[in-house]
Each structure stands twice: as C-alpha cells, then as structure tokens.
Amino acid sequence: MGMEAVIALMEATPRTPACVVSLSGNQSVRLPLMECVQVTKDVQKAMEEKKFEEAIQLRGRSFENNWNIYKLLAHQKPSEEKSNFSIAILNVGAPAAGMNAAVRSAVRIGISEGHKIYTVHDGFEGLAKGQINEVGWHDVAGWLGRGGSMLGTKRTIPKSCMQNIVENIRKYNIHALLVVGGFEAYEGVLQLVEAREQYEELCIIMCVIPATISNNVPGTDFSIGCDTAVNAAMESCDRIKQSASGTKRRVFIVETMGGYCGYLATVAGIAVGADAAYIYEDKFNIHDLKSNVEHLTEKMKTDIQRGLVLRNEKCHDYYTTDFLYNLYSAEGKGVFDCRTNVLGHLQQGGAPTPFDRNYGTKLGVKAVLWISEKLRESYRRGRVFANAPDTACVIGLKKKTVAFTSVCDLKKVTDFEHRMPREQWWLNLRLMLKMLANYQISLTEYVSGKIEHVTRRTLSIEKGF
C-alpha cells in the first residue's frame, strides 16, 4: 500500500481527485476519498437511527457474510428434516494449520442441513481401508484453534487403491466427498473424476478445499495454512537476524519449503526485508548471483551490517543452499561472514492464525452449502448421479470472491511435473521485493492499482468474501 500511494502521487495531475489507497482481494486499489467519507458517514447515521440491517450492508458484503456465518455456527440448530444424503470428509497431503477449522464448520453445517456426515482418517488410504466414522455436532468441539490435522492425513492418491475406495463408497452409500488438502487432494479428485467412466459409484459430488503451506493449488489465490506458514517463517527469520545484532558483519542464507512454488520465499522475503529471494519461477543465473553478492558487499560498507537471503528448497538443481553458502563466503571474505539455516517443518506453524481459522471456516461452510445444492440438483429416481464436469470442483478465493472451478478445467492450467498452477498472481510482488532491497528497478513493469468506486450501489452489487 505504501508503494501504491507513492506511485499514485507520481501519476497524479492537478485534476486527479484525492484518493485512499486500499486493498481489495489482496490487490492495491484506489478509492475516491469523498466517496469513502460519505459511506463512513452513512454507516454512522444508520447506527444512530438504529437501522442495524442497513449499517451491516453499508459495512460491505464481507462483513455481512462474516455475521451470517457466525450466526450459523454459534448454536446447534437441529435440522427440520433429515435428508437422505451422506457426505464423507477427509484430509489429504501434508498437514496445514486451519484444516481442522474447515472440517469443523463443514461437519456442523452438514448436520444442520440434515445430512449424515462421515469423517475419514488417513486420507484416501483410510477411505480404501474403511476407516470411516459417523460424527455428530459435539465430536468436532474445540477443533477451531488446533494446528495440524486431527483426522490424520496421508499423501496416498486414489490410483493405487481405486477398487477399495469404490467398494467403500458403495458400502457406506456416500453421495459426496469433501477433500481438504493440498496438491494431492486436487490430483486425487481429478483421478476419481477420470475413473467415472469405469465406476458408476464415482458419479457423486466432489469438492476440494485447498489447504497447504505451499499455496500451489490451482483455482485459488490462497490456500488454508499458507498464512500461518508465512508467519512462522517470518518469526524464524526475525530471530535469525536478531542473532547478528552487535556482532560483526554477517549474511544469513535461509532455506524455505514449498516444493517448486516460491510463494513462501517471496512473501516471507517481503515481510522480513530480505536482500534476495531465489525461487524456481523467477529464473536466475550466475550473473544474478554475482550482482547479489556485490550488492551485499556494498551494503556492508554502510551502517547496515546484516544481510538476509531466502532460497526456495527447489529453486535450482545446482545452486543449492550449500553452493550459495560457499559462493557468498568466498566472495564476501574479509567483508562479511556467512551462516545457513534450513527452516524445515517449523514452517507448518503451531496453532492457525486468525486469518486461516476464519478462511477455513468460511470455505467449509460455502463448500457444504454448494454440495447440498448440487446433491438436490443431481438426485433422480431415488439416487444421486453426477457425471457433469461442474460436479467436481475446487473452491477458492479469486481476488475477493469465492469461486468454484471444475477440476477438469483446472487440468489445462496446471503444471503437474512441478505441482503448481501455470500462472500465479503473487509474482507481481517480486518487483517490490527488489525495490525495497535497494536495487534499481524499472517502474514500467509495475501494475498500478485501478480506481474503484465505493457507493451504496457498488456495496449492494458486490459478493464479498
């Protein structure tokens, strides 16, 4: 927002109206100042006149959505009538903070919709082995703030045990699958969809809630757990930097997780003020490394006598963490010394952050409501039959709206070899990372924020999150 404000001033003419720099769906936007003031006054007026419904609407659709979800989950509401549908919920991939919040809200909304809810232990492997239990409202009490995965999670994908999975879906009469997990969850559901031709039992509703610290699932800007992971990486880097205070000049090379996806390294790098962040998506060569070392050598001659370099674990086959350590040590000899740190599983974090708790809760609610709607649509002649592409989706946050995207459509935009989407929104942030590390950058590549309007009309149209 600070960078956007300066660019807005540089682009302004005498006729440009005053604006407020704001974040909308994690992208910088500019809102006309007078419109913001007017809406703020309208909220105050509505509160004074005790028009609370109007005040809620004027605060924006996201505020309204939060309020409605709170009311849904706060107290147990026994369903008016039991539906004939049953939903199975499972965790797949590596543990991510916020998974339990998603399972909790999904179970409770499912029960209040009248469905029978099963939880599956140990992912697709548990589904194949029949580790399936029916759960009630109170079985998920206290799950909201728990880290990791209470159901247990495994990376096994269905291809290896398809026959057993199909048999258990038939045995327990499961009509919908809600899979909370990372790239394996998405890949697993895609395999189940592709096997629909062979097995009629797989013609059921399926939904993936992305939950991984790597943030590498297509169809969403954010995965559950990546906010907690960035916080954990940031706290570790802050402590590492602090260890050098008062010592001689020192550069730290820190390795982050994330597979081939450089989200963690980039966003943590911005949060801790890193001098460089090496990632797979932003190709680099020996000349880039040389200029980084020279830049740090120059920096060490000033008052700032600490450097921090982040490296994604799979950013390069040959420029490994040890290689970088040796290069920086040799080139910086006599100017600074070097230390390496591999953060490892610290990054999975402990308890989920407020963002991940709320995000998990919202996705759990919206996913089950979507499943309920699809179940009613595809219920014919006493059974559920769903083989259309839009009956197996990934739920995700795109800019500022929650969207459901078919896994078949997402297959076209996925790099399966490197396990990530082909296009990623956060790569635009790398320019800011370089600028803040005092590199000369060209602002022609900078995508400046658009002017958006905020009035009663725009607030009423917006979907919100």
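Source: prediction; values computed, not measured.
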*Asks:* For the residue pair Tyr172 and Tyr118, categorise the inter-ring angle as parallel (less than 30°), tilted (30 to 60°) or perpendicular (more than 60°).
*Replies:* perpendicular
*Asks:* For the atom pair OG1 (Thr361) and OH (Tyr359), what is the distance rounded to the nearest 0.5 Å?
*Replies:* 12.0 Å
*Asks:* Considering non-hydrogen atoms only, spot the tightest contact between Ala5 and Val21 and give its length.
*Replies:* CA-CG2, 3.7 Å
*Asks:* Is the shortest heavy-atom distance from the side chain of Tyr280 to the side chain of Lys314 under 4.5 Å?
*Replies:* no
*Asks:* Which residues pass the salt bridge (charged side-chain N to carboxylate O under 4.0 Å, His left out) test with Asp238, not counting sequence neighbours?
*Replies:* none
*Asks:* Cut-off 3.5 Å, side chains only: do Asn231 and Thr353 have a donor facing an acceptor?
*Replies:* no
*Asks:* Could you tell me if His115 and Ser86 have a donor-acceptor pair between their side chains, going purely by distance under 3.5 Å?
*Replies:* no
*Asks:* Please determine whether the number of non-hydrogen atoms from other residues, nucleotides or ligands lying under 6.0 Å from atom CH2 of Trp67 exceeds 12.
*Replies:* no
*Asks:* Do Ile224 and Leu363 touch side chain to side chain, with heavy atoms closer than 4.5 Å?
*Replies:* yes
*Asks:* Using side chain to side chain donor-acceptor pair (under 3.5 Å) as the criterion, list what pairs up with Glu81, not counting sequence neighbours.
*Replies:* none
*Asks:* Tell me whether the rings of Phe183 and Tyr186 are parallel (<30°), tilted (30 to 60°) or perpendicular (>60°).
*Replies:* perpendicular
*Asks:* Are the ring centres of His316 and Tyr278 closer than 6.0 Å?
*Replies:* no
*Asks:* For a quick test of reading the model, state the closest non-hydrogen atom pair linking Leu343 to Val254 and the distance between them.
*Replies:* CG-CG1, 3.6 Å
*Asks:* May I ask you to check whether over 12 heavy atoms, not counting those of Tyr70, lie within 6.0 Å of atom OH?
*Replies:* no
*Asks:* Which pair of heavy atoms, one from Cys203 and one from Asn387, lies closest together, and at what distance?
*Replies:* SG-CB, 3.9 Å
*Asks:* Any donor-acceptor pair under 3.5 Å linking the side-chain atoms of Tyr199 with those of Gln163?
*Replies:* yes
*Asks:* Using only atom types and a distance under 3.5 Å, with no angle test, would you say the side chain of Gln348 pairs donor to acceptor with the backbone of Ala229?
*Replies:* no
*Asks:* Side chains of Cys408 and Val193: closer than 4.5 Å at any heavy-atom pair?
*Replies:* yes
*Asks:* Apply salt bridge (charged side-chain N to carboxylate O under 4.0 Å, His left out) to Lys399 and list each qualifying residue two or more places apart in sequence or on a separate chain.
*Replies:* none
*Asks:* Show your working on side chain to side chain contact (heavy atoms under 4.5 Å, CB included) between Leu58 and Phe63 and close with a plain yes or no.
*Replies:* CA-CA 9 Å; Leu58 285 169; Phe63 183 89; over 6 Å; no
*Asks:* Do any pairs count as a salt bridge (charged side-chain N to carboxylate O under 4.0 Å, His left out) and have a residue in residues 178-189, sequence neighbours left out, and if so which ones?
*Replies:* Arg155-Glu184, Glu184-Arg419
*Asks:* With sequence neighbours excluded, give me every salt bridge (charged side-chain N to carboxylate O under 4.0 Å, His left out) pair touching residues 53-73.
*Replies:* Glu54-Arg456, Arg61-Glu64
*Asks:* Thr212 side chain to Ser214 main-chain N or O, any donor-acceptor pair under 3.5 Å?
*Replies:* yes
*Asks:* Strictly distance-based, threshold 3.5 Å: is any side-chain N or O of Ser24 a donor or acceptor partner for the main-chain N or O of Gln27?
*Replies:* no
*Asks:* Is it true that a side-chain atom of Ser223 and a backbone atom of Thr220 form a donor plus acceptor pair closer than 3.5 Å?
*Replies:* no
*Asks:* Side chains of Lys411 and Ser406: is there a donor and an acceptor less than 3.5 Å apart?
*Replies:* no
*Asks:* Just grab all the salt bridge (charged side-chain N to carboxylate O under 4.0 Å, His left out) pairs involving residues 342-370, residues at least two apart or on different chains.
*Replies:* none
*Asks:* Sequence neighbours left out, what passes side chain to side chain donor-acceptor pair (under 3.5 Å) with Tyr379? Give chain and number order.
*Replies:* none
*Asks:* Side-chain contact, heavy-atom cut-off 4.5 Å: Cys237 with Leu310?
*Replies:* yes
*Asks:* Dump the intermediate steps for side chain to side chain contact (heavy atoms under 4.5 Å, CB included) on Ile89 and Ile117, then the final yes or no.
*Replies:* CA-CA 8 Å; Ile89 302 172; Ile117 305 290; 3.8 Å; yes
*Asks:* So which heavy atom on Val189 is nearest to which on Ala392, and how close?
*Replies:* CG1-CB, 4.3 Å
*Asks:* Sequence neighbours excluded, which residues qualify as side chain to side chain donor-acceptor pair (under 3.5 Å) partners of Gln191?
*Replies:* none
*Asks:* Any heavy-atom pair between the side chains of Leu429 and Ile270 that's under 4.5 Å?
*Replies:* yes
*Asks:* Test Arg306 against Ser243 for side-chain hydrogen bond (donor to acceptor under 3.5 Å, both in side chains), laying out the working first.
*Replies:* CA-CA 10 Å; Arg306 283 177 304 186; Ser243 73; over 6 Å; no
*Asks:* Answer whether the closest heavy-atom distance between the side chains of Asn100 and Leu144 falls below 4.5 Å.
*Replies:* no
*Asks:* Evaluate the side-chain proximity of Cys207 to Leu177: yes if any heavy-atom separation is below 4.5 Å, no if none is.
*Replies:* no
*Asks:* Give me the one residue out of Asn168, Leu90, Ile169 that meets side chain to side chain contact (heavy atoms under 4.5 Å, CB included) with Ile132.
*Replies:* Asn168
*Asks:* Taking only residues at least two apart or on different chains, which pairs with a member in residues 117-134 satisfy salt bridge (charged side-chain N to carboxylate O under 4.0 Å, His left out)?
*Replies:* Glu125-Lys129, Glu125-Lys154
*Asks:* Considering all heavy atoms of both residues, which atom of Ala268 and which atom of Ala233 are nearest to each other, and what is their separation?
*Replies:* CB-CB, 4.1 Å
*Asks:* Output all residues satisfying ring pair (Phe, Tyr, Trp, His ring centres under 6.0 Å) with Trp425, sequence neighbours left out; order by chain, then residue number.
*Replies:* Phe222
*Asks:* Would Ser83 and Lys116 count as a side-chain hydrogen bond (donor to acceptor under 3.5 Å, both in side chains) if you check the C-alpha gap in whole Å, the side-chain angles of each, and the deciding distance to 0.1 Å?
*Replies:* CA-CA 8 Å; Ser83 73; Lys116 184 185 275 191; over 6 Å; no
*Asks:* Considering only heavy atoms from C-beta outward, does the side chain of Met99 approach that of Met150 to under 4.5 Å?
*Replies:* no
*Asks:* Sequence neighbours excluded, which residues qualify as side chain to side chain donor-acceptor pair (under 3.5 Å) partners of Asp275?
*Replies:* Lys299
*Asks:* Please find the pair of heavy atoms, one from Ser236 and one from Leu346, that lie closest to each other, and give the distance.
*Replies:* OG-CD1, 4.0 Å
*Asks:* Using distance alone, with no hydrogens and no angle criterion, decide if Thr391 and Lys374 have a side-chain donor and acceptor under 3.5 Å apart.
*Replies:* no
*Asks:* Using side chain to side chain contact (heavy atoms under 4.5 Å, CB included), reason through Val309 and Asn292 one step at a time and then give a plain yes or no.
*Replies:* CA-CA 9 Å; Val309 175; Asn292 289 153; over 6 Å; no
*Asks:* State which residues pass salt bridge (charged side-chain N to carboxylate O under 4.0 Å, His left out) with Arg430; sequence neighbours excluded, sorted by chain then number.
*Replies:* Asp282
*Asks:* Pairing donors with acceptors under 3.5 angstrom, does anything connect the side chains of Asn91 and Ser149?
*Replies:* yes
*Asks:* Could you go through the salt bridge (Lys or Arg N to Asp or Glu O under 4.0 Å) check for Glu452 and Lys400 one step at a time?
*Replies:* CA-CA 14 Å; Glu452 288 191 5; Lys400 55 179 176 179; 3.7 Å; yes
*Asks:* Would you please test Leu327 and Tyr319 for side chain to side chain contact (heavy atoms under 4.5 Å, CB included) and show each step?
*Replies:* CA-CA 10 Å; Leu327 174 75; Tyr319 299 148; over 6 Å; no
